[in-house]
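Quick notes on the structure that follows.
Read the numbers this way: they start at 1 and go in the same order the structure lists the ligands and their atoms.
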Amino acid sequence: MDNLLDNIEEILLMGPGPSCVHDTVYEALSRKTLGHLDPYFIRIMDAIKHDLRTLLNTGNTLTIPMSGTGSSGMEACFVNLIEKDDPVLILINGVFGMRMQDVAQRLGARVDTLEFEWGTPVIASEVQAKLVDTSYKIVAVVHAETSTGVKNPVQEIGALLKNSETIYLVDAVTSLGGIEIAMDAWGVDALYSGTQKCLSCPPGLAPLSFSEKAVSALESRKNKVPNWYLDLSMIIKYWKGATRAYHHTAPINMHYGLYQALQLIMEEGPDNVYHRHRVCHEELVQGLESLGLSMLVAPGDRLPMLNSVRIPEGVDEAAVRGTLLNEYKIEIGAGLGPLAGKIWRIGLMGHTARQENVSRLLTALKAILF
Ligand SMILES: Cc1ncc(COP(=O)(O)O)c(C=O)c1O
């Protein structure tokens with residue numbers, strides 16, 4: 001009988017995630033499964049917390065990977081922090097800001113939004129003007145908007161919220177491991193990410209970090225967190241202290257993978273990793289422009305790890321992606337929402353951000369388009 005796993009091809013993942021996975025991460029995933037309360041596994045958990053804190057530049061004790069993909073991190077942040085009728089401001093310039101709005105509305109928050117054109121960043125002065133009228137419990141923004149390739153001014157927005165009661169919530173799903181994050185210095189109180197972007201691990205865990213301010217909002221809730229699985233007040237008892245309490249069975253091998261992915265980043269040095277992303281991004285943009293293609297986002301607002309390229313007139317964008325995948329074994333992403341059919345999204349995330357991958361894609365695109 002055929003085993004479908006025997007026929008999985010190696011695809012160069014240059015889309016919006018997942019990204020390429022280093023061989024040592026695959027090896028880590030296949031190590032022997034330990035019990036979720038085994039003391040040796042707890043050492044691995046502690047090392048993951050330590051490395052996540054280093055990468056986030058935070059001293060936050062509550063820094064852990066949540067089980068589930070990036071969206072579980074998003075849900076966890078909102079469900080633990082929102083109570084019914086809480087005023088929340090969401091800054092939206094793409095799909096993932098919209099998803100935050102949906103999540104917050106489902107929890108009964110009074111959600112205000114500030115919207116910006118897709119492909120352009122959030123404008124901090126407009127946020128400042130909005131903050132004059134209302135005192136929000138949470139202000140939320142996406143750092144790296146994967147649907148457009150725009151970097152939002154997380155640090156500037158944080159400066160507006162410093163010394164206020166407001167909890168500053170940031171989506172770092174695509175930014176973590178690809179550009180600098182200084183959680184404490186920027187005044188970020190709650191942050192979530194995902195493993196399958198610049199951490200270059202398969203999808204399955206969502207790193208999350210809460211500041212003291214966010215933890216005290218959780219502790220002073222009037223009502224129980226309305227979602228059992230994501231309730232941090234219970235989960236933290238599994239991640240902290242000398243005796244660990246069972247909450248749910250941790251996805252053990254996924255943690256091995258994340259541990260190894262973080263080891264790789266620490267060995268290379270986070271600054272060197274960010275530099276590698278930037279250099280590959282610059283080479284890609286230069287190569288695309290020399291093919292006559294143009295970028296959606298203005299130079300100063302571009303993400304190195306997600307490059308949105310305008311589709312030239314008359315080109316069948318899906319056919320190009322199909323040929324790239326079938327003949328060249330390269331995956332790139334399509335546009336979403338209002339950008340569907342207008343852009344391709346080229347990822348240079350984590351282990352994918354290598355000069356040989358940039359050259360391989362440019363060569364393939366040239367052969368297909370000309
Ligand atoms: C910025 C951002 N936020 C949230 C998510 C949701 O993460 P996931 O698909 O891992 O649940 C994604 C996924 O692409 C993302 O790019």
Side-chain angles (χ1 to χ4, degrees), residues 13-21 52 56 65-79 90-104 106 113 115-116 118-122 138 140-154 157 168-179 181 183 188 190-209 227 229-230 251 254 257-258 261 277 296-297 301-308 331-337 339-340 343-350 352-353:
L13 296 170
M14 300 192 80
S19 58
C20 294
V21 175
L52 284 177
L56 288 167
M66 300 294 288
S67 303
T69 63
S71 303
S72 100
M74 184 190 291
E75 294 263 9
C77 283
F78 283 108
V79 83
I90 317 257
L91 310 173
I92 300 179
N93 57 347
V95 164
F96 296 101
M98 289 175 67
R99 187 175 299 182
M100 282 180 159
Q101 177 188 14
D102 189 8
V103 170
R106 285 168 192 241
T113 59
E115 302 201 19
F116 301 85
W118 290 35
T120 70
V122 167
I138 297 172
V141 69
V142 177
H143 190 193
E145 193 30 277
T146 326
S147 59
T148 63
V150 164
K151 180 168 72 177
N152 280 322
V154 166
I157 299 163
Y168 185 27
L169 196 169
V170 171
D171 174 318
V173 171
T174 288
S175 53
L176 183 63
I179 49 177
I181 297 179
M183 202 175 163
V188 177
L191 176 145
Y192 60 89
S193 186
T195 44
Q196 77 274 24
K197 311 272 187 180
C198 296
L199 297 178
S200 263
C201 205
L205 292 173
L208 169 148
S209 185
N227 179 310
Y229 193 65
L230 298 174
M254 275 310 304
L258 176 57
H277 280 80
L296 173 77
V297 179
D301 303 323
R302 285 177 195 158
L303 291 168
M305 71 287 278
L306 195 290
N307 300 270
S308 293
E331 179 183 272
I332 64 167
L336 294 176
L339 294 173
I343 57 165
W344 288 307
R345 291 180 301 148
I346 301 176
L348 289 171
M349 299 181 178
T352 301

Measure the distance from [atom] to every protein heavy atom, then report the residue, atom name and distance (to 0.1 Å) of the closest one.
{"atom": "atom 13 (C) of ligand 1", "value": "Lys197 NZ, 3.3 Å"}
{"atom": "atom 6 (C) of ligand 1", "value": "Ser71 OG, 3.3 Å"}
{"atom": "atom 2 (C) of ligand 1", "value": "Phe96 CG, 3.3 Å"}
{"atom": "atom 10 (O) of ligand 1", "value": "Gln196 NE2, 2.7 Å"}
{"atom": "atom 3 (N) of ligand 1", "value": "Asp171 OD2, 2.6 Å"}

Quiz item: Would you say the side-chain atoms of Ser19 and Ser200 include a donor-acceptor pair closer than 3.5 Å?
Solution: yes
Quiz item: Could you go step by step and tell me if Leu176 and Leu199 meet the side-chain contact (heavy atoms from CB on, under 4.5 Å) rule?
Solution: CA-CA 7 Å; Leu176 183 63; Leu199 297 178; 4.0 Å; yes
Practice problem: Report the part of Arg99 in contact with ligand 1, treating N, CA, C, O as backbone and CB onward as side chain, heavy atoms under 4.0 Å; options are side chain, backbone, both, neither. | Solution: side chain
Quiz item: Which bit of Pro203 is near ligand 1, meaning a heavy atom under 4.0 Å away: side chain, backbone, both or neither?
Solution: neither
Quiz prompt | For Thr174, the ligand 1 atoms whose distance to one of its heavy atoms is below 4.0 Å | solution = 16 (O)
Self-check item: Per-atom contacts of ligand 1 with Thr146, taking only distances under 4.0 Å to non-hydrogen atoms
Solution: 1 (C), 2 (C), 15 (C), 16 (O)
Exercise. Say whether, by atom type as modelled, one donor and one acceptor occur between the side chain of Asn227 and the main chain of Tyr229 under 3.5 angstrom.
Key: yes
Quiz item: Does Gly350 offer a backbone N or O that forms a donor-acceptor pair with the side chain of His277 under 3.5 Å?
Solution: yes
Exercise. Working to the nearest 0.5 Å, report the span between CD1 of Ile346 and OG1 of Thr352.
Key: 12.5 Å
Quiz item: Could you go step by step and tell me if Asn307 and Arg345 meet the side-chain contact (heavy atoms from CB on, under 4.5 Å) rule?
Solution: CA-CA 6 Å; Asn307 300 270; Arg345 291 180 301 148; over 6 Å; no
Quiz item: Does Ala144 have a non-hydrogen atom less than 4.0 Å from ligand 1?
Solution: yes
Exercise. In sequence, state the C-alpha distance, the side-chain angles, and the governing distance for Val188 and Ile181, and then conclude on side-chain contact (heavy atoms from CB on, under 4.5 Å).
Key: CA-CA 10 Å; Val188 177; Ile181 297 179; over 6 Å; no
